[in-house]
Peer 1: 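Here it is, the structure, as structure tokens.
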Number of protein chains: 4
Amino acid sequence: MTTTTSVRLTAAIEVPESFVDAYVAVYKHLHAHPELSSQEFETAAYIEAHLAGLGIESFRCGVTGVVGILKNGDGPVIGFRADTDGLPIAEQTGLDYSSEATGTLPDGSTAPVMHGCGHDTHIASALALASLLSERRGLWSGTLVLIFQPGEETAYGARAMIDDGLWDRAPKPEVVLAQHVMPVGQGKLVIRDGHMASLADSWKITVHGQQAHGSQPEKSIDPIVAASAMVLRLQTIVSRELAPSTPAVVTVGTFHAGLKENIIPDSAEFTVNVRTPDEDTRTIVLAAIRRIISAEAAASAAPEPTITELNNFPRCYNDPASTSRVMQAFTADFGSEALTAAPLGMGSEDAGWLSDAIGVPGVFWAFGAFDPELFEGGASPAGNHSPFFAPDARAAVVGGTGAALSGVLAYLGRN
Amino acid sequence: MTTTTSVRLTAAIEVPESFVDAYVAVYKHLHAHPELSSQEFETAAYIEAHLAGLGIESFRCGVTGVVGILKNGDGPVIGFRADTDGLPIAEQTGLDYSSEATGTLPDGSTAPVMHGCGHDTHIASALALASLLSERRGLWSGTLVLIFQPGEETAYGARAMIDDGLWDRAPKPEVVLAQHVMPVGQGKLVIRDGHMASLADSWKITVHGQQAHGSQPEKSIDPIVAASAMVLRLQTIVSRELAPSTPAVVTVGTFHAGLKENIIPDSAEFTVNVRTPDEDTRTIVLAAIRRIISAEAAASAAPEPTITELNNFPRCYNDPASTSRVMQAFTADFGSEALTAAPLGMGSEDAGWLSDAIGVPGVFWAFGAFDPELFEGGASPAGNHSPFFAPDARAAVVGGTGAALSGVLAYLGRN
Amino acid sequence: MTTTTSVRLTAAIEVPESFVDAYVAVYKHLHAHPELSSQEFETAAYIEAHLAGLGIESFRCGVTGVVGILKNGDGPVIGFRADTDGLPIAEQTGLDYSSEATGTLPDGSTAPVMHGCGHDTHIASALALASLLSERRGLWSGTLVLIFQPGEETAYGARAMIDDGLWDRAPKPEVVLAQHVMPVGQGKLVIRDGHMASLADSWKITVHGQQAHGSQPEKSIDPIVAASAMVLRLQTIVSRELAPSTPAVVTVGTFHAGLKENIIPDSAEFTVNVRTPDEDTRTIVLAAIRRIISAEAAASAAPEPTITELNNFPRCYNDPASTSRVMQAFTADFGSEALTAAPLGMGSEDAGWLSDAIGVPGVFWAFGAFDPELFEGGASPAGNHSPFFAPDARAAVVGGTGAALSGVLAYLGRN
Amino acid sequence: MTTTTSVRLTAAIEVPESFVDAYVAVYKHLHAHPELSSQEFETAAYIEAHLAGLGIESFRCGVTGVVGILKNGDGPVIGFRADTDGLPIAEQTGLDYSSEATGTLPDGSTAPVMHGCGHDTHIASALALASLLSERRGLWSGTLVLIFQPGEETAYGARAMIDDGLWDRAPKPEVVLAQHVMPVGQGKLVIRDGHMASLADSWKITVHGQQAHGSQPEKSIDPIVAASAMVLRLQTIVSRELAPSTPAVVTVGTFHAGLKENIIPDSAEFTVNVRTPDEDTRTIVLAAIRRIISAEAAASAAPEPTITELNNFPRCYNDPASTSRVMQAFTADFGSEALTAAPLGMGSEDAGWLSDAIGVPGVFWAFGAFDPELFEGGASPAGNHSPFFAPDARAAVVGGTGAALSGVLAYLGRN
């Protein structure tokens with residue numbers, strides 16, 4: 001009677017349709033209520049309440065981080081991390097559970113907020129995983145440390161949790177797993193050993209000029225002209241200073257200067273976001289940025305600009321042996337055709353801090369959360385960080401929970 | 001007994017020291033309470049109360065403009081205009097009557113406000129003029145229309161008053177006089193016939209790009225790179241498209257784009273402020289700006305940018321015959337050595353609208369408001385629009401009121 | 001007695017020291033007498049004379065190309081190509097057989113010439129191959145078409161030979177082999193299947209301005225400013241329009257404008273050299289170049305620039321089955337440790353035309369020509385196209401001839 | 001009978017039509033045979049021969065300069081200078097006496113040559129002046145030093161003549177007069193006291209990069225990108241560092257780099273030509289150029305560029321008292337309506353060296369050499385340095401000789 005309403009999450013595990021419906025509702029709630037990095041107060045409260053409802057003990061860590069401890073007899077301890085923050089993007093998906101939330105940016109201004117990177121799928125999947133494992137205790141043994149980490153987008157949260165005593169307060173795991181949603185079909189998994197993401201660094205550059213009336217440029221040092229020259233010159237790092245085969249990005253994401261059109265302002269501020277594949281390239285690129293910024297200021301007879309480091313994302317390195325173990329589980333659960341060995345992505349991740357901080361391996365993978373039929377037709381849905389990014393709610397829950405289960409049971413499964 | 005405490009304003013007119021003290025206090029009050037363009041509500045109320053105290057009837061015009069009508073028998077009608085708005089500058093003069101005011105910018109953000117252009121000296125002088133002429137009726141006959149005009153900095157106020165029926169509601173004058181403070185010594189006057197100020201145009205340019213994650217420039221059209229290229233290319237208008245002897249300025253005063261360092265934004269906005277000496281040059285420069293902006297967008301494969309006109313300042317033309325009349329009065333009152341025939345300034349003024357709107361001549365001059373001894377030592381005080389701009393309060397009142405009296409009595413004086 | 005003076009070229013083939021000495025002398029002669037692309041007249045005569053001395057018939061093809069036909073009974077026909085042109089570089093190696101040659105560039109000016117890309121090693125190795133195979137007929141059977149191709153650096157020669165009837169006049173081969181020297185140790189071989197080199201396109205851009213005296217920029221359209229803006233904007237193709245993982249290069253190699261410092265010239269010319277990994281990227285990059293050049297001209301109010309295609313290098317695609325055959329031979333002759341599967345190089349090659357023109361597979365590999373001990377010490381000798389590029393003469397002959405023999409006998413070998 | 005065939009040169013002096021015809025022929029010969037700066041060998045010989053034919057003694061000075069001494073009794077000594085060099089411009093006037101001459105540029109290349117600045121009119125007028133004064137001795141007394149100066153365009157000749165002992169070998173004058181043709185109507189004269197022309201400086205900038213193959217930008221320091229950035233940044237000197245009312249020009253007249261499109265060259269060379277109205281502005285602009293060039297090299301991690309001074313033009317200052325004397329003569333001879341007080345031109349002149357070197361005053365004026373009716377129709381003929389610059393031959397001779405006579409006789413005239 002009910003067979004048609006059960007859903008297969010992994011090769012061995014099915015859940016009733018109602019289970020999926022429940023977490024689709026969780027997902028939609030989270031999607032409609034995103035919060036900016038380090039401001040995930042309601043999200044944290046929601047997670048805590050949900051874990052409490054499942055009878056899972058938890059504690060706050062890193063202000064808006066939540067750690068749930070799920071024990072089931074002897075066995076290994078492993079960590080599973082879900083990040084929880086949204087982005088300052090004005091959602092344009094048109095979904096009926098679209099976000100209308102706003103948040104406060106570091107500069108005090110108000111911005112729209114959207115789960116534009118899909119961290120809502122991570123939370124919903126991790127809660128569904130917690131629910132299922134807390135019910136079906138026969139499937140596994142050991143300890144699962146559920147890490148609901150804030151502030152991933154700002155590379156702040158993983159370090160904040162570690163600094164707040166994460167690994168003193170939670171059992172120390174032998175591996176930390178983490179996953180991310182991607183705009184591929186549900187059922188697809190992207191994983192390979194080695195570097196899974198770029199190193200990333202973000203700097204704020206303050207160009208100091210000299211204010212004057214717009215009609216008297218000769219009394220000014222024009223910081224907008226200087227900063228514009230910097231923006232153009234920074235393009236030459238990728239085009240001229242790196243080998244064509246070295247994948248790196250130097251993006252200027254913000255540029256702010258001036259209050260009034262007829263006053264040459266006394267400063268300009270811009271931010272630069274850098275992605276590099278390895279430490280050597282990182283060193284070359286960061287040095288080139290410093291050199292160019294300093295020289296272009298000199299070209300304008302401006303003082304040395306001020307450089308403020310905003311964040312830096314560490315390596316996101318998949319330990320080969322651990323990755324192999326997870327990939328075997330994935331292959332058994334989803335078939336080898338489900339797996340893709342993606343090239344190095346230019347995205348960044350701070351999950352690596354969680355494992356690197358205690359010297360244990362980490363494994364990071366991506367899962368699909370879109371209708372597979374979409375891709376057969378050749379469509380290319382909007383990707384992460386787009387105002388149109390719209391995972392399919394059901395595909396996100398099924399895909400994310402299935403992958404999480406498969407990965408976690410590769411370590412904790414009773415077989 | 002009291003001779004030492006009287007102050008000479010013009011060759012023929014002296015006032016007691018207490019009169020000057022009173023308007024120094026008015027000036028300091030105004031200086032401490034500046035308001036942004038079109039928000040001069042408290043300033044307008046202050047002016048109205050002061051005029052009422054002098055027994056001069058007034059009416060509101062252009063929301064925050066005030067028009068006072070001072071009649072004294074038969075005779076010509078002339079206009080005298082004082083502009084009233086402050087600037088979004090954080091005062092750094094260290095004066096004990098420094099401004100701590102803030103205001104709301106068009107984008108909703110809060111900004112410090114300062115009488116950085118010295119319009120407070122204009123108001124104080126005009127009120128002192130009104131006070132003196134309402135007391136000493138034997139000196140003159142005719143009608144003086146006192147125009148306290150808001151929104152000069154945005155080229156908004158003169159037109160707003162005209163649109164609000166200024167010349168239907170006030171007697172139509174045969175000439176409109178206006179004056180401006182300059183960083184020269186008290187007693188100095190700058191005047192010549194012809195163009196006294198530049199034509200000025202301000203535009204807001206919105207560069208439309210395509211948003212993408214900072215790591216995926218290939219999915220973006222980067223509006224910050226496009227706008228930076230525009231800023232640099234705009235420099236070539238003055239350097240390459242105009243004759244070296246043509247005085248013109250193209251200033252980019254603001255540049256704003258992006259919320260987050262790792263998201264390439266979908267647009268960038270900048271404002272451009274243009275000063276040109278005549279209509280022909282204006283046509284050339286504005287066309288070049290349009291051409292460059294359009295082409296640089298095309299170079300980025302971006303759509304046509306949106307250009308919004310923010311304001312345009314008209315000519316500020318000193319009618320030769322009227323200017324000659326005022327200069328004769330100045331020479332008689334202050335000596336020929338007081339007058340300087342300044343070169344065309346690059347500053348702009350919307351006073352021209354007031355006279356051009358009804359086809360009558362206008363005369364515009366500048367007066368000094370600094371201690372003359374300062375300049376003998378070779379010092380060069382901070383100029384208008386500087387956060388350090390600090391006229392001497394007493395010099396401003398004496399210099400501004402004296403010049404106003406001399407100019408007005410050139411038309412209304414009984415002799 | 002003579003064992004110490006024999007040299008092993010492949011696993012099975014040794015030659016006396018004197019044979020190597022003879023071709024070291026050939027190499028040094030060629031190195032000292034380089035000729036520019038399409039001007040290889042003396043080189044062609046030298047090759048013809050050498051082949052004639054070996055009793056091998058040859059014919060001219062593509063003006064300065066030489067084709068030698070070496071038949072030895074039944075068996076397959078294969079092509080082996082050596083390119084013959086030098087570069088306009090002033091040699092700075094300090095070798096006693098350095099080039100002092102000069103040549104005439106397309107613009108009529110005189111330039112120094114150097115075998116800076118090492119084509120002299122290709123010719124010497126091919127002649128040594130011819131000598132050995134014409135002597136040791138027992139080793140092989142079939143037909144070897146030796147293609148001494150001019151004008152590789154300008155992507156001119158392969159097509160010129162095909163256009164001159166190469167495959168009508170020579171037996172049609174079943175595969176075309178080609179090799180290139182690299183700055184790695186003698187004994188090393190670089191080969192893999194798929195794309196071995198970039199597609200390359202070179203364009204000459206003529207920016208049309210308007211001449212004027214240097215003091216009258218307003219009467220000019222300044223082509224140097226426009227072209228400089230183009231150069232900077234072209235940098236954004238690689239930095240902003242391609243995925244970071246897409247290896248591509250846009251190089252402006254020349255820029256020439258103006259005769260006199262005080263005359264704004266009426267045009268500027270620059271050349272752009274583009275490397276792309278595949279046809280799709282090529283299409284994107286070439287379209288972006290056209291777009292940027294057109295738009296920057298428009299920004300200057302200049303007419304549409306003229307684009308002249310200088311050359312385009314085709315794909316250099318290693319057919320997998322054929323490559324596998326050659327790699328097996330290399331492994332047998334030199335050991336598996338000798339082989340490196342290099343990443344896609346950004347260099348370009350027109351050898352692909354020779355095989356693609358008749359629809360047969362091509363195989364292209366690189367060989368080392370430097371003392372291997374150099375690299376153990378961590379040294380990094382100057383690379384191809386450097387004025388300091390200096391292969392070891394003996395290593396070049398032994399390495400190049402050995403690789404050629406091994407590759408050719410993979411098809412023609414009697415075993 | 002002959003009245004219709006006499007031509008009036010000044011109020012008091014007429015010549016027969018045949019005199020004019022003779023110097024029109026001289027002019028056309030000179031126009032058809034221009035020589036580049038410092039190469040005026042045939043021009044010098046032609047002048048020497050012509051002076052000899054008039055019985056005027058002369059000597060060579062500064063290699064290709066000629067000095068003629070014309071004495072006529074007692075009286076003052078004055079200098080009159082005519083410059084003699086052509087320009088590397090390909091004439092496009094279509095005149096039947098067009099130049100087909102070529103010359104050798106400093107870099108050894110061949111260029112077309114044209115009297116594009118009209119120095120041929122200066123020579124022809126000076127020779128006509130010499131002819132007339134040597135015949136009509138009753139008109140004047142004193143000594144005229146005729147200075148036929150080479151290398152004006154390169155600011156070389158005046159100093160070369162002084163260095164070669166001009167004022168040791170010729171009588172020392174009390175004033176040095178000089179004139180220049182302008183594209184205004186015949187009969188018009190442009191003169192005022194003070195600065196008549198800009199100071200001018202020309203520099204060659206060598207940007208040192210690092211050569212590499214076009215496919216390996218990471219091994220290069222790209223001097224074309226660096227130099228292009230310099231060209232764009234230099235635009236900001238005029239647009240941002242000078243007051244709008246300061247007339248100055250910074251022109252990059254040449255840019256040369258690279259031999260081959262696929263080799264990033266090791267250097268780039270460009271020339272910059274600067275015009276400034278006074279010494280203070282000159283100091284500011286030259287310092288800004290040095291600063292920008294140095295900084296942009298640093299931005300590219302390139303070594304300090306090499307700056308070579310090519311030439312510098314001194315002030316061309318019209319002494320007020322002397323100018324007044326010449327203007328009185330002009331007014332008497334041609335009417336006050338003939339005189340225009342031109343604004344400061346951006347052209348440059350090295351005539352100032354000739355007078356400044358010995359501390360005597362100089363007077364410099366311009367004369368018209370076009371059909372006046374042309375301008376009534378509103379036409380605007382091509383100006384100096386245009387390939388289309390075509391003074392009317394007869395108007396040039398009449399206008400130039402008349403102005404020269406009037407100016408010279410202001411000092412030497414007997415009345």
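Chain A is the first sequence line, chain B the second, and so forth, proteins listed ahead of strands; every chain is numbered from 1. All heavy atoms count here, side chains included; hydrogens, waters and symmetry mates do not.
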Peer 1: With the side chain counted from C-beta on, respond yes when A:Val249 and C:Arg240 share a heavy-atom pair under 4.5 Å apart, and no when they do not.
Peer 2: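 Sidechains of C:Arg240 and A:Val249: in contact.
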Peer 1: Heavy-atom cut-off 4.5 Å, strictly under: side chain, backbone, both or neither for A:Thr251 against chain C?
Peer 2: both
Peer 1: Work out which heavy atom in A:Ala248 is nearest to a heavy atom in C:Pro244; give both atom names and the distance.
Peer 2: O-CB, 3.7 Å
Peer 1: Could you state the interatomic distance from CG (A:Leu242) to OG (C:Ser239), rounded to the nearest 0.5 Å?
Peer 2: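 A:Leu242 CG to C:Ser239 OG: 11.0 Å, rounded to 0.5 Å.
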Peer 1: Would the number of heavy atoms belonging to other residues, nucleotides or ligands and lying under 6.0 Å from OH of A:Tyr156 be above 12?
Peer 2: no
